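Keep in mind that this is a model prediction, so the values were computed, not measured. Both counts, for ligands and for their atoms, begin at 1 and track the order of listing. Along the sequence shown, the residues carry numbers beginning at 1.
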Amino acid sequence: MTSPSPCSGIGLMLCERLLSQDAGGLQLCLACRSVRRAQAARSALLASHPAAQVALLQVDTSSVASVLAAAQEVKLRYSRLDYLYLNAGIMPNPQFDVKAFFKGLFSSRVVSMLTTGEGILTQRDGVTPDGLQDVFATNLFGHFLLGLVVV
Ligand SMILES: NC(=O)c1ccc[n+]([C@@H]2O[C@H](COP(=O)([O-])OP(=O)(O)OC[C@H]3O[C@@H](n4cnc5c(N)ncnc54)[C@H](OP(=O)(O)O)[C@@H]3O)[C@@H](O)[C@H]2O)c1
């Protein structure tokens, strides 16, 4: 079995940066949706900062129930929260709409379609079980709710 790639991106880089500037006493809590990837991120951080205090917390920012549960857990674990970095996010890639392309080829807007791509690039955004648009729930609402409850 291959080891999972760690939670990534700005979040992991931010943790690296905080730990490299830490004068001691910093307690990090990585709130991630995948526990396995969070564990891999923790291991990566501990490899370069062996004495660091890095805790994990499972949260799916696209789910209201998950965010509320995580917020409760934070309140139970910590008496004080100095900083909350809200960087989890998704950005669905635009898809090429073949059907719209062929329809546009035989329409009066063929030139504008071919020069601007208008109408042939679509971005899919699903709806969460809570009835919110995926990107809105994940990148914004979940963060808002988490901040509201824990701070
Ligand atoms: N990097 C840039 O240049 C840039 C520029 C402008 C805006 N942004 C925005 O900044 C944010 C972070 O960017 P990034 O480059 O660090 O992206 P990234 O490398 O894709 O990392 C995003 C992180 O968000 C986590 N995540 C996604 N959905 C989640 C959910 N429902 N619950 C909990 N965690 C979730 C992912 O977890 P998994 O590991 O489980 O996938 C991943 O660790 C994104 O919203 C991005 O759109 C980035």
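Y85 is listed as a side-chain neighbour of L18, based on a closest heavy-atom distance under 4.5 Å.
Comparing heavy-atom distances from atom 31 (N) of ligand 1 across L86, L12, V67, D60 singles out D60 as nearest. Around atom 23 (C) of ligand 1, the closest heavy atom drawn from G89, S34, A40 belongs to G89. Of the options R33, R36, H143, the smallest heavy-atom separation from atom 37 (O) of ligand 1 is shown by R33. Scanning A88, C32, A70, A41 for the heavy atom closest to atom 26 (N) of ligand 1 points to A88.
Take Q95 and apply the side-chain contact (heavy atoms from CB on, under 4.5 Å) test, not counting sequence neighbours, and it matches T122, R124.
Applying the 4.0 Å criterion to heavy atoms of R37 picks out, from ligand 1, the atoms 38 (P), 39 (O), 40 (O), 41 (O). Each of the atoms 32 (N), 33 (C) of ligand 1 lies under 4.0 Å from some heavy atom of V59. Proximity to T138 (heavy-atom distance under 4.0 Å) selects the following atoms of ligand 1: 28 (N), 29 (C), 30 (C), 31 (N). Close approach to G9 involves these atoms of ligand 1, each under 4.0 Å from a residue heavy atom: 16 (O), 19 (O).
V135 and M91 fall into different hydrophobic clusters, where Ile, Leu, Val, Met, Phe, Trp and Tyr residues are linked whenever their side-chain heavy atoms come under 4.5 Å apart, directly or through other members. I90 and L146 are assigned to two separate hydrophobic clusters, defined by single-linkage of ILVMFWY side chains at heavy-atom distances under 4.5 Å. One hydrophobic cluster holds both F141 and L148 under the rule that ILVMFWY side chains link at heavy-atom gaps under 4.5 Å. At a threshold of 4.5 Å between side-chain heavy atoms, the hydrophobic network of Ile, Leu, Val, Met, Phe, Trp and Tyr places Y83 and V67 in two separate groups.
Polar contact check, I90 against ligand 1: no nitrogen or oxygen pair lies under 3.5 Å apart.
The local environment of CZ in F102 is sparse, with at most 12 non-hydrogen atoms from other residues, nucleotides or ligands closer than 6.0 Å.
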